[in-house]
*Asks:* 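This is the structure I want to talk about, given as structure tokens.
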Protein chains: 4
Amino acid sequence: MQDPTPQGEKKRQRRKDARPSEIIAAAMQLWAERGFAATRLEDVAAGAHIAKGTIYRYFPSKEALFEAALQARIVATMDRARDMAQGFDGPTSQMLSGFFETIRTELVDGGSSVFLRVLLSEGHRFPDLVARYERVVLSRGMSTVRAILAAGVARGDLRPEAADCDPRLVMAPAMMLSLWGTVFTTEGLPDMRSALAQHVAILMGGLGRR
Amino acid sequence: MQDPTPQGEKKRQRRKDARPSEIIAAAMQLWAERGFAATRLEDVAAGAHIAKGTIYRYFPSKEALFEAALQARIVATMDRARDMAQGFDGPTSQMLSGFFETIRTELVDGGSSVFLRVLLSEGHRFPDLVARYERVVLSRGMSTVRAILAAGVARGDLRPEAADCDPRLVMAPAMMLSLWGTVFTTEGLPDMRSALAQHVAILMGGLGRR
Amino acid sequence: MQDPTPQGEKKRQRRKDARPSEIIAAAMQLWAERGFAATRLEDVAAGAHIAKGTIYRYFPSKEALFEAALQARIVATMDRARDMAQGFDGPTSQMLSGFFETIRTELVDGGSSVFLRVLLSEGHRFPDLVARYERVVLSRGMSTVRAILAAGVARGDLRPEAADCDPRLVMAPAMMLSLWGTVFTTEGLPDMRSALAQHVAILMGGLGRR
Amino acid sequence: MQDPTPQGEKKRQRRKDARPSEIIAAAMQLWAERGFAATRLEDVAAGAHIAKGTIYRYFPSKEALFEAALQARIVATMDRARDMAQGFDGPTSQMLSGFFETIRTELVDGGSSVFLRVLLSEGHRFPDLVARYERVVLSRGMSTVRAILAAGVARGDLRPEAADCDPRLVMAPAMMLSLWGTVFTTEGLPDMRSALAQHVAILMGGLGRR
DNA sequence: CATGAATGAGTGTTCATTCAT
DNA sequence: GATGAATGAACACTCATTCAT
């Protein structure tokens, strides 16, 4: 009598609140397996154990679902990565390792490499999304790299020219290796963590003080 | 006059022989512009100035066309790259530059980055193709890198440990930058040649003799 | 306090009783604006400030709502019109004017032209409704016209042949003009009242005593 | 050998040329029976004995099909009607009769009343079509009426005030009766031709010289 | 009783593929 | 061989209707 939202209401409500992320999770799994275009919304629905129409209560279109997934999964991580870079003041090699580990965790463990893959191959159809991804993900990543390099120069870990290094060169192996593992064989190759450690070593050698 | 292959016939014959590569050229151009899934076979036909049905005279399906294009465009180039690497015996930095320039030419100017993009995001639909691409393109590229590194070590340009370097780390920036330019903005960033020159410098610093 | 129908109850009761007509009112407004097929039940619910499911407490289906709206809105008016015609004994031109004004008020101001529009274009889906509309609305209207004409002949206002006039000819302009204004431009044309006055004049000239 | 389009080609060509009008014919029949919204494109295809996709070779959308049907069926007729009115110089009553017969033939026999019905009830979804219908059909019809009335005044058949008569009053019965017959019973009522003859008589009485 | 989350049948549209000419 | 008209399976999206709360 006193409670206008009794126990009964809550179960459905709890479900409703969880739906969007359940749908996103199902979608990302399938996109990772089959690609964006090749995944039917009906499959996503089945993966989330709901009916096709239910998706449309939460996302107005397939593209919007992609956008929401992107938003939901990445922003937080990139912020975290940047905070880490700015807050932490250890040796440059350690900052780079931390940065790469963050990227690896997000892209590989968190499954965010789908976004990169989809944007790379179907990006022409979603110019707005590409623009947002650049703004939110790529440029933040590049800023982080620049900050790390600048800090390294300031600290004396790196040579002054390191500040002018194209940040994509620093990020590329982390990105590429994440993609690599989703399609190509990695047999006979170092695991991603070791490879990134090698990358740090090369960078420190190539950019560091002689 | 009784000649069964008169002048007219020959022209047609020449035309007919050229068809497959004309179709492939048209397809690659469009795939590069719009992506594989978003390009209709009808557009490819129009680009090749033939009728839609004619494509099926030469390729049994859209996927087969993709496969043929991949086969046709890449093998030669990769062979060239390897030959170049093996045949040439200059300083390591020069060999790396040459190798990257070859990759860049092929992927960017030749438009082969489509293959990488498609395979990366829709590879699961083409397991055989992925396997072949790995065998023919990726592993050859990695062999080339290993050969260059080994030659560098032998020459004394590189430290012995360079021979154990994951070849993907060497290739990744060249691959990633090729993909980058097909979707993302490059404004405010060095052009690809300069970036690869930086990459060579970093590698030489990171892997080279102190 | 022990009263089983206290003040609060009553208000709710009054509310509940009013629901059907509130729903009908909301529906007719939207049907008039967008047409029957293009109006979603959800919009009707929103217009009536209730939840979608609540409509089903009162009407078992969308078609049933249409039927109920038809029933509710028209019978009364047509009865009124007939009463007016039969009760009043003025000059024929005045009776016709009054009749047309009644039709105009109902169809245009009251929004009942939707029924005519829907029945005209989707009537085949509602054979029962069409039959009822004919019985209740059209044939009553025609009776009224016949009564007016007969009275006019009896009075000496009209020529005897007027009694044989197809009543649809008398009603058609009033009906058509009501429909016209719901879709087509009326710019540069007389307003409906003036037009109907012209119509009365023509009828009186064409059917009246020379 | 001399004929680049031999017999074989022709059969298909003849078919192709006929397709659009076959599709339109099938569509109009079904729209007349069931209304526009309630008729699936698949039904139209079945009615034209073709596959659903074939419709899209000739019309880019359902709406475009409606538009094409409208264009195809009506313009010619309305032009004919206007030519008739302008070219013919007989008594006004005869011109009116001719005009109404043209309208009747087109709307009833030619099935064009569908357009009116669809526009009346679903016109809100097609503002462009409504505008075109007004421009092409309605305003031409009204011009024709005005021309007939003006000619009648000039001839001395009609009183001067007839020139100011709202042309919709003249057309309304012809339009309304066409619609009437598609949904409502006409039992016990004069057939359309007789009714329109009565209408002409009334108009001549109401607008004509005393 | 009221709610609105969930459903799923239904429809317009696309496009790889076929095949009569 | 070459053509392009025809096909029909497939898919995104809508919305009347249901039902757990």
Side-chain angles (χ1 to χ4, degrees), chain A residues 5-13 15-17 19 37-45 49-65, chain B residues 12-13 15-16 19 37-46 50-65, chain C residues 12-13 15-16 19 37-46 50-65, chain D residues 5-13 15-17 19 37-45 49-65:
Chain A
T5 55
Q7 252 277 289
E9 268 292 292
K10 272 181 185 160
K11 199 177 288 173
R12 192 173 254 220
Q13 189 58 38
R15 203 69 193 283
K16 194 202 160 192
D17 293 346
R19 278 281 146 80
T39 301
R40 299 174 311 159
L41 239 12
E42 196 154 7
D43 298 332
V44 174
H49 305 293
I50 56 176
K52 189 172 30 161
T54 304
I55 294 178
Y56 286 86
R57 286 201 67 73
Y58 300 97
F59 306 100
S61 71
K62 192 184 183 184
E63 188 175 330
L65 172 58
Chain B
R12 178 178 290 184
Q13 187 59 38
R15 194 71 195 286
K16 201 186 118 191
R19 277 280 159 77
T39 300
R40 297 174 307 161
L41 236 19
E42 192 154 11
D43 299 331
V44 174
I50 56 173
K52 194 174 16 166
T54 306
I55 293 180
Y56 285 84
R57 293 258 147 225
Y58 301 97
F59 307 100
S61 73
K62 195 185 182 184
E63 300 192 1
L65 172 58
Chain C
R12 178 177 290 183
Q13 188 58 38
R15 194 70 195 285
K16 200 186 122 192
R19 279 281 159 76
T39 301
R40 297 175 307 161
L41 236 19
E42 192 154 11
D43 298 331
V44 174
I50 57 174
K52 194 172 17 164
T54 306
I55 293 180
Y56 285 84
R57 293 258 147 224
Y58 301 97
F59 307 100
S61 74
K62 196 185 181 184
E63 299 192 2
L65 172 58
Chain D
T5 56
Q7 250 277 285
E9 267 291 291
K10 271 181 186 158
K11 202 177 288 174
R12 191 174 255 220
Q13 189 59 38
R15 203 69 192 282
K16 193 200 160 193
D17 293 345
R19 276 283 146 78
T39 301
R40 299 176 309 160
L41 238 12
E42 197 154 9
D43 297 332
V44 174
H49 305 294
I50 56 176
K52 189 169 34 159
T54 304
I55 294 179
Y56 285 86
R57 285 201 66 72
Y58 300 97
F59 307 100
S61 71
K62 193 183 182 184
E63 186 174 334
L65 172 57

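The sequence lines fix the lettering, A, B, ..., with proteins before strands; numbering per chain opens at 1.
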*Asks:* Please report, rounded to the nearest Å, how far the C1' atom of E/dT13 is from the CZ atom of B/R40.
*Replies:*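 Nearest whole value for this atom pair: 12 Å.
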
*Asks:* Rounded to the nearest Å, what distance is computed from the CD atom of residue C/E63 to the P atom of nucleotide F/dT17?
*Replies:*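 Rounding to the nearest Å, CD of C/E63 and P of F/dT17 are 7 Å apart.
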
*Asks:* Please report the shortest heavy-atom distance between B/K62 and B/T39, naming the atom on each side.
*Replies:*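 Minimum heavy-atom separation between B/K62 and B/T39: NZ-O, 3.0 Å.
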
*Asks:* With a 3.5 Å limit on both atom pairs, tell me what F/dT14 is paired to, counting Watson-Crick and G-U wobble, or say none.
*Replies:* E/dA9

*Asks:* Give me the atom names and distance for the closest heavy-atom approach of C/A37 to D/A37.
*Replies:* CB-CB, 4.5 Å

*Asks:* How do C/K62 and B/A51 order along DNA chain F: which one's closest nucleotide is nearer the 5' end?
*Replies:* B/A51

*Asks:* For E/dA2, does OP1 or OP2 lie under 4.0 Å from any side-chain N or O of C/R19?
*Replies:*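 Indeed, a polar side-chain atom of C/R19 lies that close.
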
*Asks:* Can a side chain N or O of A/R57 be found less than 4.0 Å away from OP1 or OP2 on E/dA5?
*Replies:*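 Checking A/R57 against E/dA5: at least one side-chain N or O falls below 4.0 Å of OP1 or OP2.
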
*Asks:* Taking the nucleotide of DNA chain E with the nearest heavy atom to each, does B/L41 or D/L41 sit closer to the 5' end?
*Replies:* D/L41

*Asks:* How many whole angstroms separate atom CD1 of A/I55 from atom C1' of F/dT14?
*Replies:* 14 Å

*Asks:* Figure out the NZ/C1' separation between C/K52 and F/dT14, and round it to whole Å.
*Replies:*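 Rounded to the whole Å, the gap is 11 Å.
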
*Asks:* Name the residue closer to the 5' end of DNA chain E, choosing between C/G53 and B/G53 according to the nucleotide with the nearest heavy atom.
*Replies:*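 The 5'-side residue here is C/G53.
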
*Asks:* Tell me: OH of A/Y58 to P of E/dA6, nearest whole Å?
*Replies:* 3 Å

*Asks:* Using atom CG of B/D43 as one end and atom P of E/dA16 as the other, report the distance to the nearest whole Å.
*Replies:* 9 Å

*Asks:* Within this structure, what is the CD1-to-P distance between B/I50 and F/dG1, rounded to whole angstrom?
*Replies:* 12 Å

*Asks:* Rounded to the nearest Å, what distance is computed from the CD atom of residue D/E42 to the P atom of nucleotide E/dG10?
*Replies:* 12 Å

*Asks:* Below the 4.0 Å mark, does E/dT3 have OP1 or OP2 next to a side-chain nitrogen or oxygen of C/T54?
*Replies:* yes

*Asks:* When rounded to the nearest 0.5 angstrom, what is the spacing between NE2 in A/H49 and OG1 in A/T54?
*Replies:*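 Going from NE2 on A/H49 over to OG1 on A/T54, the span is 13.0 Å.
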
*Asks:* Please name the nucleotide paired to E/dG4 by Watson-Crick or G-U wobble geometry with both distances under 3.5 Å, or report none.
*Replies:*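 Partner of E/dG4: F/dC19.
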
*Asks:* Would you compute the distance between atom CZ of C/R19 and atom OH of C/Y58 and round it to the nearest 0.5 angstrom?
*Replies:*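 C/R19 CZ to C/Y58 OH: 5.0 Å, rounded to 0.5 Å.
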
*Asks:* Considering non-hydrogen atoms only, spot the tightest contact between A/L41 and A/I55 and give its length.
*Replies:* O-CD1, 3.4 Å

